[in-house]
Every structure is written in structure tokens, then in C-alpha cells.
Amino acid sequence: TDPIDFGFPNINLIPNYAAVSDPANPFPTIRKDNLYQLNETLSVNRTAHSFKFGVQIHRSELNGVQNSHGRGTFEFDGRFTRSPAAPSASGSEFADYLLGFASRSQRQVGSTRVDMRSTLFAAFFQDDWKVNRRLTINLGLRYELNTPLADRYGRNANVDFIYGSGRAAVVLPGQTG
């Protein structure tokens, strides 16, 4: 098994007790993110004008492995120790825990790999025009293109809920949804 999954499971005794889990890392994650930046600005002064031109390129790489429930999540709510004669006034979540009767359990098999990428492209122009001693006009224009996060290997998927039909479809990269 994966060493990221070793540790104490997440145990919830609801509603009367606080959850118990590995306090250092209840949902193990390994992250190795990268951010690459290129910023360049050129300033030119000409008589009454002060021009600035610039470009920015930011590349974000979000890399990691996460296993949300690799150690297991168990909930106990007292439903197995309730008396049929008085269900709302009986039952103990702690007794269910001691008996090993979970009302809900969850475990993720295998880790979730994340390899998301995004790039920001930006350019700007600025002119500070000194009309006279008491008046300066600042003019500028900026354009940005921020690409959406996309998986490096094309593993993104979305759910497209078809309005009014009660149906849904999985939309993969390159498909129209």
C-alpha cells in the first residue's frame, strides 16, 4: 500500500463528540508547486512625456498527490443502539463506536494526482503627460490573458447539467458541453 495512507483514520461521533484523526495530517497531501515569472518594464522620458511599456508572463504549475480518505473516515451516530420503542430518546454514538457499527464509512483507493497548469500573459503602456506645471495627465492601457487551469495530461472532466431534463453528461477536454 501507499505510505501516504499510513496513520490513524478520521473518526466522527456525531453530534456530541469532536472528531478524532491524525492531527498532523488528516488528509495526506504532497505538494510540489512551481511559479515562474518574467516581468520587464521599459521607461522612456521625452520632454513632457514619461512613457512606460511592460510585459508579464507568469506560469503556475500545481503538482501533487492527495488522498482524501486513504486512511478511512468512519461516522457513528447512535442508530444501532437506539431502542425501537423510543428511537429519538435513545442511542449512543460512542456505544456504536465501541461495537464497531459505523453509520457511514468512506475510503479512497489510490491517490489523486494533480498536474494543473495555467499561464498569465499581460502587457501595458502608460504615458504620464505633463501638460504644464500644475497639470499632469496619466493615460494607460493594459491587457491580460489568464488561461484557465488545465491538467498537463488532459485528465480534466466536468459535469454538464442539461437544464430542465434532469440529465447530466460528463464533458472531457476538447468536447463542447
Side-chain angles (χ1 to χ4, degrees), residues 1-12 18-73 106-177:
T1 60
D2 194 341
I4 198 172
D5 295 337
F6 295 148
F8 194 76
N10 187 21
I11 296 175
N12 297 315
V20 178
S21 67
D22 181 354
N25 199 0
F27 299 110
T29 304
I30 299 171
R31 296 289 301 262
K32 295 179 182 174
D33 297 341
N34 299 313
L35 176 62
Y36 303 99
Q37 297 181 5
L38 172 68
N39 300 307
E40 195 59 54
T41 303
L42 173 67
S43 298
V44 177
N45 293 318
R46 295 278 186 249
T47 59
H49 293 274
S50 176
F51 300 107
K52 287 185 183 177
F53 309 87
V55 294
Q56 295 177 315
I57 301 173
H58 295 194
R59 176 73 171 170
S60 299
E61 297 180 353
L62 309 176
N63 307 300
V65 175
Q66 181 177 6
N67 199 337
S68 297
H69 298 280
R71 298 173 182 175
T73 297
Q106 185 173 358
R107 182 170 190 283
Q108 176 178 329
V109 177
S111 298
T112 302
R113 176 110 197 121
V114 177
D115 293 294
M116 303 300 281
R117 305 289 186 262
S118 178
T119 305
L120 164 74
F121 300 98
F124 72 92
F125 165 77
Q126 180 179 330
D127 179 12
D128 294 335
W129 175 25
K130 188 164 186 157
V131 178
N132 60 43
R133 221 168 25 102
R134 299 176 58 184
L135 177 64
T136 301
I137 298 176
N138 305 102
L139 304 169
L141 181 66
R142 180 177 177 90
Y143 178 76
E144 291 187 4
L145 173 65
N146 197 357
T147 63
L149 278 171
D151 186 79
R152 177 181 179 188
Y153 301 106
R155 296 175 297 196
N156 284 20
N158 240 330
V159 176
D160 182 11
F161 294 99
I162 302 163
Y163 181 76
S165 71
R167 294 180 301 139
V170 175
V171 180
L172 299 174
Q175 294 179 338
T176 302

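Predicted model, so just to flag it, every value in this text is computed and none were measured. Hydrogens, waters and symmetry mates play no part in the numbers below; they use all other heavy atoms, side chains included.
- No side-chain heavy atom of Thr73 sits less than 4.5 Å from a side-chain heavy atom of Pro9.
- Distance check, rounded to the nearest 0.5 Å: CZ of Phe124 to CD of Gln56 gives 7.0 Å.
- Asp115 and Arg155 are joined by a salt bridge, as a carboxylate oxygen and a charged side-chain nitrogen come within less than 4.0 angstrom of each other.
- In this structure, a donor-acceptor pair under 3.5 Å is absent between the side chains of Arg117 and Asn34.
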If you apply the rule side chain to side chain contact (heavy atoms under 4.5 Å, CB included), what do you find for Arg59 with Ile57, and how did you get there? CA-CA 7 Å; Arg59 176 73 171 170; Ile57 301 173; 5.6 Å; no

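- In this structure, CZ in Arg142 is found 14.5 Å from CZ in Phe125, a value given to the nearest 0.5 Å.
- Here the straight-line distance linking atom CD1 of Ile162 with atom CG of Asp160 works out to 6.0 Å at 0.5 Å rounding.
- Atom CZ of Arg31 has more than 12 neighbouring heavy atoms from other residues, nucleotides or ligands inside a 6.0 Å radius.
- With rounding to the nearest 0.5 angstrom, the CD atom of Gln66 is 11.0 Å from the CD1 atom of Ile30.
- What you find for Asn156 and Ala150 is that their closest heavy atoms are ND2-CA, 3.6 Å.
- For the pair Val55 and Phe121, the minimum side-chain heavy-atom distance is 4.5 Å or more.
- Between Arg113 and Val65, the closest heavy-atom pair is NH1-CG2, 3.2 Å.
- Side-chain contact check for Val171 versus Val159: every heavy-atom pair is 4.5 Å or farther apart.
- Atom CD of Glu144 sits in a crowded spot, with more than 12 heavy atoms from other residues, nucleotides or ligands closer than 6.0 Å.
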Stepwise salt bridge (Lys or Arg N to Asp or Glu O under 4.0 Å) test for Lys52 and Asp127: CA-CA 6 Å; Lys52 287 185 183 177; Asp127 179 12; over 6 Å; no

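- Between the CG atom of Asn45 and the CZ atom of Phe51 there is a distance of 9.5 Å, given to the nearest 0.5 Å.
- Residue pairs meeting the side-chain hydrogen bond (donor to acceptor under 3.5 Å, both in side chains) criterion with at least one partner in residues 129-138, sequence neighbours excluded, are Asp128-Asn138.
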Please step through side chain to side chain contact (heavy atoms under 4.5 Å, CB included) for the pair Val20 and Phe8, ending with a clear verdict. CA-CA 9 Å; Val20 178; Phe8 194 76; 3.5 Å; yes

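- When atom types are taken as modelled, the side chain of Thr119 and the backbone of Thr147 share no donor-acceptor pair closer than 3.5 angstrom.
- Side-chain contact annotation: His58 with Asn39, donor-acceptor N/O pair under 3.5 Å present.
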Go through Glu61 and Leu35 one step at a time and tell me if the side chain to side chain contact (heavy atoms under 4.5 Å, CB included) criterion holds. CA-CA 6 Å; Glu61 297 180 353; Leu35 176 62; over 6 Å; no

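- Between Leu149 and Leu62, the closest heavy-atom pair is CD2-CD1, 4.0 Å.
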